[in-house]
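Step one of this worksheet: look at the structure below.
If you're wondering where the values come from, they're calculated on a predicted model, not measured in any experiment. Every chain is numbered from 1 and lettered A, B, ... according to where its sequence line falls, protein lines coming before strand lines. The figures that follow rest on heavy atoms only: side chains count, while hydrogens, waters and symmetry mates do not.
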Number of protein chains: 2
Amino acid sequence: MAQDKVTIKQVAAAAGVSITTVSHVLNHVPGKRIHPHTRERVLAEAARLGYTPNMLAQSLRTQRSHTIGLVGDEIATTPFAGKIILGAQDVATSHDSVVFVVNTGYERETEDREIEALLRRQVDGILYAAMYHRPVELPAKLANIPTVLINASCADRSVAWAVPDEAAGGEDAAEVLLSAGHRRLAFINDVDEIPAAFGREEGFRRRAAAWGLAQEDLRVVTAEADPAGGYEAARLLLDDAADRPSGIFCFNDRMAMGVYRAAAELDLHVPRDVSIVGFDNQDFIADGLHPGLTTVELPHYEMGVWAAKELFHQISSEQRPALAPTTSIRGPVIHRASVAPPAQGSDLGGRHQPVDRRGNA
Amino acid sequence: MAQDKVTIKQVAAAAGVSITTVSHVLNHVPGKRIHPHTRERVLAEAARLGYTPNMLAQSLRTQRSHTIGLVGDEIATTPFAGKIILGAQDVATSHDSVVFVVNTGYERETEDREIEALLRRQVDGILYAAMYHRPVELPAKLANIPTVLINASCADRSVAWAVPDEAAGGEDAAEVLLSAGHRRLAFINDVDEIPAAFGREEGFRRRAAAWGLAQEDLRVVTAEADPAGGYEAARLLLDDAADRPSGIFCFNDRMAMGVYRAAAELDLHVPRDVSIVGFDNQDFIADGLHPGLTTVELPHYEMGVWAAKELFHQISSEQRPALAPTTSIRGPVIHRASVAPPAQGSDLGGRHQPVDRRGNA
DNA sequence: TTGTAAGCGTTATCAT
DNA sequence: ATGATAACGCTTACAA
């Protein structure tokens, strides 16, 4: 604990007034009229002594700790945690609050222990973040404190949450490829049965259908969501020149990394011979690949912001609604250099005439 | 603030004893002998009511908040922040503490504001972390509270710090290459004049000299520390087949990414034609590249742990030494598949006979 | 073995 | 316009 030591009492003594008065001037108490002269003196003494209010005492008295907790399952190993934290922190700061962050490592026991630790410290509310989009159960201890979920949904309609708009991402990816002129598409999806996999595929298919693409011209393969998985899937897709998609959408940037490698091995140039769209806009990958990867960004920062705002709203309104708000946020597509119109003639195998629907989406 | 509401007073009432007694049994107060029977009753009532101690009150009374702050300059955009946070949190947990994390974005003003916020909340101590190894000045507000630096050094000898052992990393990288048989080496260094650049080069050169490598067989080039920089430097190094290094050490994994690309363009196979060693062991890059990158890991987690331990030590010893401990931590080398013995005959240009000094380091 | 009461640093009610 | 004083929920001498 800081050796602050200088308390309101000392300021009062130094200024020759009561602590009540000091409190009044320091807090700009509304109804109170205090003499400009004493006000000056108090302010001066407080500054001179380097007075810093003890928020523990304030919190104990006011029943507001100006503190929130952020519990995440995997803050260490995911590049996205930082953005969520930052989003939450930015709004916390604007509410004079600061955030405790705890990691649970997917251990229910650790989670309970850490949440307990936060509750003991009287946090005003809790942000519960998943590092990959998934449905979760609200931990029991969170039933009686304002809570909002980040990157997670919940069957309990009384809890608010923010998730990425996976379907919109899938649509946007399709649009990028389709509007560039591609008519033979492939989607390399994650084998795991998670919302991101369902949503992205659904959106991708929907937009493709809207462009009139036939079923046979949209191949979907699944693989492990890493570079090796992307590589294998891409070999499957690209090996046969006759039946080759000209545009590939990857479940994530890491898989795209593997697709780049497969393309290179087959002497296929990106984007001249294959266009590629990724997902995540993962730092150091999307922008580190060559050529730069066009990808759909995940709105981690924005989810953090939305969730924290909603949390502070709940905190100040002192009551949790029976039906809490929910949002799915669309991430922007980050255009780089992995998409180009299909090579001359490479679309001949397509069953449909290219139709320019640019701007028509 | 949680609607705890159940206080020690209620437990006392329910158990038909005084709050003192409740406090005694709940805290296992040493000298106190309390009747097993009342102890049972208190424990039972506390459990039944779901009593949770209010740590704000405890802290106010005991002058220990069981809370520390972690201030970092860039937690959002670096993949390393998470590991530092995790290391710090792991030891914090073992000391019944939890950590506030704040981001400063390299803004001195934000930094001051956030540190102030932490001090107001009576944190027991502060961890000050830089996201890339560098010397820093201790913020003035930190002068009177236990503080330890992570990934940063400081001219003030009264503050403790932990940094990576850059020179050891450079040595280890050299050792990997040399012991694999390489005798024509290159180091692609960061142009920026930072401790990491100096230290890694120094260590690399030192170990090379120890192996008897001549000056001319160790080329050092500098570039921007990103994939593009690595690519350019590698082209410089690899274009001329006659004067080609067989082993390249890169300042970081991102540069190595560019080196892979350059090699591929020149039809050089890794590791058959060039061996590559990176630095950082950056998630998704070192292990995502193909073949997997052999690299020197940065000890972020360990620095977080060391620093937090030292911090808690200072906190409990209630005094800051005039000369604080300092450590530089050696990161392990992570062996993957980017290093192999040089190709038959590729060492002919070398001025020295290969000497097997394996295990001799 | 158990209870009384003071005090941690504030805010807020009520007097003056 | 300013000041006593009682909480806030807890720990800890000190008493009983």
Exercise. With no hydrogens and no angle check, do the side chains of T20(B) and S23(B) hold a donor and an acceptor under 3.5 Å apart?
Worked result: no
For this session: Five pairs at each end of the helix from dT1(C)-dA16(D) to dT16(C)-dA1(D): take the axis at both ends and give me the angle between them to 10°.
Result: 50°
Exercise. Checking S316(B) side chain against H313(B) main chain: does a donor-acceptor pair fall under 3.5 Å?
Worked result: yes
Exercise. Under a 4.0 Å N-O cut-off, is there an ion pair linking E116(A) with R120(A)?
Worked result: yes
Seminar exercise, completed: Quick tally for nucleotides 7-13 of chain C: nucleotides whose base has a protein heavy atom under 4.0 Å get B, sugar-phosphate-only ones S, the rest -, giving BBBBBB-
Exercise. Side chains of T104(A) and D73(A): is there a donor and an acceptor less than 3.5 Å apart?
Worked result: no
Exercise. Salt bridge or not for R108(A) and E111(A), using N-O below 4.0 Å?
Worked result: yes
Exercise. Rounded to the Å, how far apart are I34(A) CD1 and dG3(D) P?
Worked result: 11 Å
Exercise. Under 4.0 Å between a side-chain N or O of T21(B) and OP1 or OP2 of dG3(C)?
Worked result: yes
Exercise. Nearest-Å distance, CD (Q122(A)) to C1' (dC10(D))?
Worked result: 11 Å
For this session: Apply the side chain to side chain contact (heavy atoms under 4.5 Å, CB included) test between M131(B) and each candidate in N151(B), I150(B), I84(B), T77(B); give the one that qualifies.
Result: I84(B)
For this session: Strictly below 4.0 Å, heavy-atom distances to any atom of DNA chain D: list the hits from residues 35-45 of chain A, or just say none.
Result: H35(A), T38(A)
For this session: With rounding to the nearest 0.5 Å, note down the distance linking NE2 in H28(B) to CD1 in I34(B).
Result: 8.5 Å
Problem set entry | Nearest-0.5 Å distance, CD of residue E137(B) to CG of residue D156(B) | 10.0 Å
Problem set entry | Electrostatic pair R64(B):D96(B) at N-O distance under 4.0 angstrom | no
Exercise. Hey, does N103(B) have a side-chain heavy atom less than 4.5 Å from the side chain of I85(A)?
Worked result: no
Exercise. Between dG9(D) atom P and L26(B) atom CG, what is the distance in whole Å?
Worked result: 16 Å
